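Worksheet for the structure shown next.
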Amino acid sequence: MLDIIGNIFDSESTCLLKDSMMPITGTTQIFPIIGSPVSGVFSPSAFNLLFQETGLDMAMVPMDIPVSNLSTFWDLLRRSTNMVGCSVTYPHKQSAFAVMDDCTPRAARLGAVNTVRCENGRLIGDATDGLAMCAAIDATGIPIKGAVAHILGAGGGAGVAIVDALCERGISELILDETDDIRAQAVKDLLAQFWPDVTVSEVPKQASIFINATTLGKSHADALPFREEDIKSAALVCDVVTREIPTRLCETATTCDVPTVSGHQMGQGQLDVQLAFLLG
């Protein structure tokens, strides 16, 4: 499916979307993305183009749901006959987990969900952020199994999801880079409980995969998340930050002839894994 949506995040494709999208009718199934705010989300354009290309009579719409009104939304979702579920973004991922009737083992480990499927009024959740990064890494041909990965921001929402997904995929060793002591301990506790066979290190050493799971890089003036000498020796450099132009990290890696995974490519991987869960 990634071949279908390879150019989904191009600005030209997004501009064409309104003219080419399948018409919304009384039979269209609605898949909202909820958050607060949702003004900056790019998922609706990407998903709606995907629905068009695959012939699915579905539509994604953004819904700005304040925390104070979240319980009302869950009631509506349970009772609706044409809302098939929802995508969940900041700041609702942890509170969404608390109201699920069931969830995947992955979501249970993380205590958060970003994708919800509604089945006869029951809400079932999954956490696919880490899977999305793994899908994007797979597209590069760089193996995850047996690799050593250095993750900056390992205890954040995206970071811990990526840590967990890499462990699912057989990563050999993780170098955890997290400045918040509470978050750092939480991710170490997760690994000790669920992935005891994965070697964990906080001491900088050579890794094959470098992943920036922080917001560092949203501005081109930001410092590089990793040392340039480490970037040069890496097999793959990944960034969760989404920008219209490459981040400084991806730009530096490309200059060094090192393959990259951008935030946009992770977003493309997100479409596949979320839709697969939604459709059961």
Side-chain angles (χ1 to χ4, degrees), residues 2 104-112 126-214 216-217 224-241 249-250 252-254 256-263 265-266 268-270 272-273 276:
L2 283 175
T104 63
R106 180 185 310 109
R109 290 193 299 268
L110 298 174
D126 195 5
T128 65
D129 288 330
L131 298 184
M133 176 58 79
C134 287
I137 293 174
D138 288 343
T140 70
I142 304 296
I144 294 173
K145 188 173 183 178
V148 177
H150 182 156
I151 305 176
L152 181 64
V160 71
I162 292 170
V163 164
D164 185 73
L166 291 174
C167 291
E168 274 193 306
R169 294 291 304 278
I171 200 80
S172 174
E173 182 174 353
L174 289 169
I175 301 167
L176 304 180
D177 201 339
E178 174 57 66
T179 58
D180 185 293
D181 291 340
I182 295 176
R183 287 182 172 184
Q185 188 59 52
V187 71
K188 284 188 282 188
D189 290 344
L190 172 81
L191 291 165
Q193 182 177 357
F194 296 107
W195 308 109
D197 293 336
V198 176
T199 300
V200 178
S201 175
E202 296 174 56
V203 179
K205 58 190 294 187
Q206 186 53 46
S208 56
I209 301 174
F210 285 80
I211 302 175
N212 173 39
T214 74
L216 193 62
L224 278 172
F226 303 106
R227 300 182 306 173
E228 191 166 346
E229 53 264 40
D230 291 329
I231 295 171
K232 288 179 179 178
S233 61
L236 179 67
V237 168
C238 309
D239 203 340
V240 304
V241 174
L249 175 60
C250 286
T252 301
T254 299
C256 298
D257 293 322
V258 175
T260 64
V261 166
S262 68
Q265 289 166 318
M266 180 181 170
Q268 291 173 5
Q270 186 77 274
D272 264 355
V273 294

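Just so we're clear, the structure is a prediction, and the values are computed from it rather than from any experiment.
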Inset, instruction - Could you grab the distance from atom CG of Leu236 to atom CD1 of Ile144, nearest 0.5 Å is fine? - result: 9.0 Å
Inset, instruction - Report yes if the side chains of Leu249 and Val241 come closer than 4.5 Å at any heavy-atom pair, otherwise no. - result: no
Inset, instruction - Determine whether Asp164 and Trp195 make a side-chain contact, defined as any pair of heavy atoms from C-beta on separated by less than 4.5 Å. - result: yes
Legend entry - Partners passing side chain to side chain donor-acceptor pair (under 3.5 Å) against Asp138 (at least two apart in sequence or in another chain): Arg169
Legend entry - Pairs meeting criterion salt bridge (Lys or Arg N to Asp or Glu O under 4.0 Å) with involvement of residues 170-187, two or more places apart: Glu173-Lys205
Legend entry - Ile231 and Phe210, any side-chain heavy atoms less than 4.5 Å apart: no
Inset, instruction - Could you tell me whether the side chain of Arg106 reaches within less than 4.5 Å of the side chain of Leu131, counting heavy atoms only? - result: yes
Legend entry - Separation between CG of Asp126 and CG of Leu110, rounded to the nearest 0.5 Å: 9.0 Å
Legend entry - Any side-chain heavy-atom pair of Val198 and Ile171 under 4.5 Å: yes
Inset, instruction - Not counting sequence neighbours, which residues clear side chain to side chain donor-acceptor pair (under 3.5 Å) with Thr214? List them please. - result: Asn212
Inset, instruction - Starting at CG of Leu176, measure out to OG of Ser201 and round the result to the nearest 0.5 Å. - result: 8.0 Å
Legend entry - Contacts of type side chain to side chain donor-acceptor pair (under 3.5 Å), residue Ser208, not counting sequence neighbours: none
Inset, instruction - Please tell me if the side chains of Val258 and Lys232 come closer than 4.5 Å, counting only heavy atoms from C-beta onward. - result: no
Inset, instruction - Please list, chain by chain and in numerical order, all residues satisfying side chain to side chain donor-acceptor pair (under 3.5 Å) with Ser233, sequence neighbours excluded. - result: Gln206
Inset, instruction - Keeping to residues at least two apart or across chains, list the salt bridge (Lys or Arg N to Asp or Glu O under 4.0 Å) pairs with something in residues 186-201. - result: Lys188-Glu202
Inset, instruction - Indicate yes or no: at least one non-hydrogen side-chain atom of Leu166 is less than 4.5 angstrom from one of Ile151. - result: yes
Inset, instruction - Using modelled atom types only, decide if a donor and an acceptor are shared between the side chain of Gln265 and the backbone of Ser262 within a distance under 3.5 Å. - result: yes
